[in-house]
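Presented below is the structure to which this report refers.
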There are 2 protein chains.
Amino acid sequence: MTDRPVTKTHQRRPEARPAEILAAALELFAEKGFTATRMQDVASRAGLSKAAIYLYYKDKMALLQALVQEMAGANLTVAAGIAEHYQGPARPLLRQILMFMAGQLRSTRFPDLLKIIISESRAHPEIGRMYFENVISKGLPIFESVIRRGIASGEFRNVDPAFAVKSMVAPMLLAAIWKTVFEPLGAEQLDIEAFATQHVDGFIRGIAA
Amino acid sequence: MTDRPVTKTHQRRPEARPAEILAAALELFAEKGFTATRMQDVASRAGLSKAAIYLYYKDKMALLQALVQEMAGANLTVAAGIAEHYQGPARPLLRQILMFMAGQLRSTRFPDLLKIIISESRAHPEIGRMYFENVISKGLPIFESVIRRGIASGEFRNVDPAFAVKSMVAPMLLAAIWKTVFEPLGAEQLDIEAFATQHVDGFIRGIAA
DNA sequence: ACTCTAACTGAATGGCGGGTTAGTTATCAT
DNA sequence: ATGATAACTAACCCGCCATTCAGTTAGAGT
C-alpha cells in the first residue's frame, strides 16, 4: 500500500488525509502548544501543503475542535461504561475508575489536550464548552451516582457527593498539570499510577462510614 | 489627591507608575488573558501612553514576571509562616493551611495568575520556572514536613508524604481551574470554602492512623 | 523667567503567520 | 488518448501588535 515508489509529485488520497492531518496536529499541539504550532508545521508533518489542510478543515480552531471531540468521546464512553454496568460494592468501582484514569493520563495525550483546553478556553469558548458539556457534565454525575450508591448502601458516610467527586478526581488533574507544565521544567517525574493508588486508598478511607 | 482638576497634558509621577502599571496589567490579564491583552490596553487603563510602559518594564513578559513574583512571594510567606511556627498536633494545622488557601483562591487573582502560568509556561519557561522554584518546590516540602510530623507522632498512617501533599492540595488546583475556566462558561459556582472544608475532613480521615 | 533633563507621547516599523488565490497535476471516465 | 474535475501546491496578501524612535513637555533648580 505505502511501499510503492515515491513519486516526485503529490499523491491524492482524500480519504486518508483528515486522519493524517489530525494525527500531525495532535503531535505538534502536544509538543509545542496550540498557538506556537504553525499551520505550515502541521502541513509538513502530514506531508501536505498548508493550503491543502484548508480543503479538509475550515481553520486552525477546527483542528483543535476535532481533536477534543475525538478524545473526549472516546474516554468518556469507556469510563461511563465501566460505571454503568457494574453492580457490586462502590469501593472497588471507585478504584477501577481512578486507575483507569491514571492509565489514560500516563499513556495518552490527554494531559496535553487538557492543558490546551485550559489555555484556550477564554479565547475560544466553544472548545471549553465542548469539553465541559461532553466530559465534565456527563462524567461527574456518573461518578456522583457511584458515591450516592455507596452512601445508600451504608459503605460511605453522608458526604456531599458533588464535592466528593471533585476531591476524587482532583489529583488526576494535578497529575496532568504536573506532567505537562512542571516536568518539562525539570521537576521530578510523578509516578501517576502509584500516586493514584495511594490517593484512592486514602479517599475511600476518608469517606468510609 | 486624585480630585484636583484633570489637566489636558500628562502628569509626571515616576514613583507611582510601576505599581499602577502592574495593577492595570493584573486586572486585564485576569479579565482577558495574557496574550489577548494588548500593551495599549494596559497603557490606557494605567492612564499612560503605551511607550511609557517601556520606560518601566522591559517588555510584556516582564509585566507578567513581576506579577507572578509579587503574588508568589506574598502567599508563600504567609503559608510558610503558618506552618513553621506551629507546634501542636498536625491535624488542625492542615485544616488551617487548606482553609487559608481556599480563602486566597476566593478573594484574590491567584487563580487567574495560576491559569496564565499554566498557559504560558511552554512559550516562556522563565515564568513557569519562577513559580515552580518559588512556590511549588518551597511550599510542598513545608507541607510534607507537617505530614511527616503527624506520622512520627502517631496521628497519621505511614503514607508517602509527597503523594499525600499532592492529594491534599489538588482540590485547590481544581477549584482554581473550575473558577477560571468553567464558571465563565456557565458552570455552577463552586463554593470553595465549603469544598475545602469537606475535603480536609475526608483527607484527614483518609490518612488517620 | 530660563534652562535642563527626565518623563512622557504620537507615529512609525517590522515580522510573523493565518488564510486565500490562481494556477498545476493526478486520476477517472469515456 | 483526451478532456473533466477533484486534489493539491506555490506564492501571495494583509491585519495585527510588540517594540522603537524622534520628538514634546512638565516641572525642579537657579
Side-chain angles (χ1 to χ4, degrees), chain A residues 1-2 4-22 24-25 28-29 31-67 116 119-120 122-124 126-127, chain B residues 1-2 4-22 24-25 28-29 31-67 116 119-120 122-124 126-127:
Chain A
M1 209 109 278
T2 59
R4 87 181 116 127
V6 178
T7 68
K8 273 135 208 187
T9 55
H10 71 262
Q11 311 275 326
R12 317 177 112 193
R13 301 179 291 105
E15 310 79 17
R17 295 305 192 196
E20 290 174 359
I21 293 168
L22 280 191
L28 286 163
F29 291 174
E31 277 168 30
K32 325 180 9 170
F34 178 75
T35 308
T37 298
R38 316 279 146 245
M39 290 302 265
Q40 182 57 59
D41 302 338
V42 178
S44 303
R45 186 160 309 192
L48 273 174
S49 68
K50 185 171 57 145
I53 294 177
Y54 288 89
L55 299 174
Y56 298 100
Y57 294 95
K58 185 177 145 290
D59 54 19
K60 197 182 180 187
M61 194 52 45
L63 286 180
L64 180 53
Q65 213 151 340
L67 286 172
I116 291 170
S119 305
E120 301 295 326
R122 205 181 310 244
H124 304 284
E126 330 87 69
I127 295 293
Chain B
M1 211 106 276
T2 57
R4 87 184 115 126
V6 178
T7 68
K8 273 137 208 186
T9 55
H10 70 264
Q11 311 276 325
R12 316 176 114 194
R13 302 179 291 103
E15 310 78 17
R17 295 306 191 195
E20 289 173 1
I21 293 168
L22 280 191
L28 287 163
F29 290 173
E31 276 168 31
K32 327 180 7 172
F34 178 74
T35 308
T37 298
R38 318 276 147 246
M39 290 300 267
Q40 181 57 58
D41 302 338
V42 178
S44 303
R45 186 160 308 192
L48 272 175
S49 69
K50 191 169 45 147
I53 294 177
Y54 288 88
L55 299 173
Y56 297 100
Y57 294 95
K58 184 177 147 291
D59 54 20
K60 198 183 180 187
M61 194 52 45
L63 286 179
L64 180 53
Q65 213 151 343
L67 286 172
I116 292 170
S119 305
E120 301 295 327
R122 208 181 308 245
H124 303 284
E126 329 87 69
I127 295 294

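Within every chain, numbering begins at 1; the chains are lettered A, B, ... in the order of the sequence lines, protein sequences first and strands thereafter. Note that the coordinates shown come from a computational prediction; the quantities given were computed from them, not determined experimentally.
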_Within the 3.5 Å criterion, strictly below it, is a donor on B:Glu120 or B:Thr35 matched to an acceptor on the partner's side chain?_
yes
*Distance from A:Glu31 atom CD to A:Thr37 atom OG1, nearest 0.5 Å?*
8.0 Å
*Grab the two heavy atoms, one from A:Ala43 and one from A:Ser49, that are nearest each other, plus how far apart they are.*
CB-C, 3.6 Å
*Any chance you could measure B:Tyr57, atom OH, to B:Leu64, atom CG, to the nearest 0.5 Å?*
12.0 Å
*Atom pair CZ/CD1 of A:Arg45 and A:Ile21 - distance to nearest 0.5 Å*: 14.0 Å
*In whole angstrom, give the distance that lies between atom OH of B:Tyr54 and atom C1' of C:dG10.*
15 Å
*Whole-Å distance between D:dT20 P and B:Met39 CE?*
10 Å
*Kindly calculate the angle separating the two end axes of the helix from C:dA1-D:dT30 to C:dT30-D:dA1, each obtained from five base pairs, and round it to 10 degrees.*
0°
*Can you list the residues that meet the salt bridge (charged side-chain N to carboxylate O under 4.0 Å, His left out) rule with A:Glu20, with sequence neighbours excluded?*
A:Arg13, A:Arg17
*Rounded to the nearest angstrom, tell me the gap between atom CD in B:Glu15 and atom P in D:dA28.*
11 Å
_B/S/- contact track for nucleotides 3-15 of chain D, protein heavy atom under 4.0 Å_ = ---BBBBB-----
*asked:* Quick one, A:Met39 and A:Leu63 - any side-chain contact, counting heavy atoms below 4.5 Å?
replied: yes
*Measure the distance from CG on B:Asp59 to C1' on D:dT20 and round it to the nearest whole Å.*
13 Å
*Looking at CD of A:Gln40 and CD1 of A:Ile53, how far apart are the two atoms once the value is rounded to the nearest 0.5 Å?*
8.0 Å
*Using whole Å, report how far CD of B:Gln40 lies from C1' of C:dA12.*
14 Å
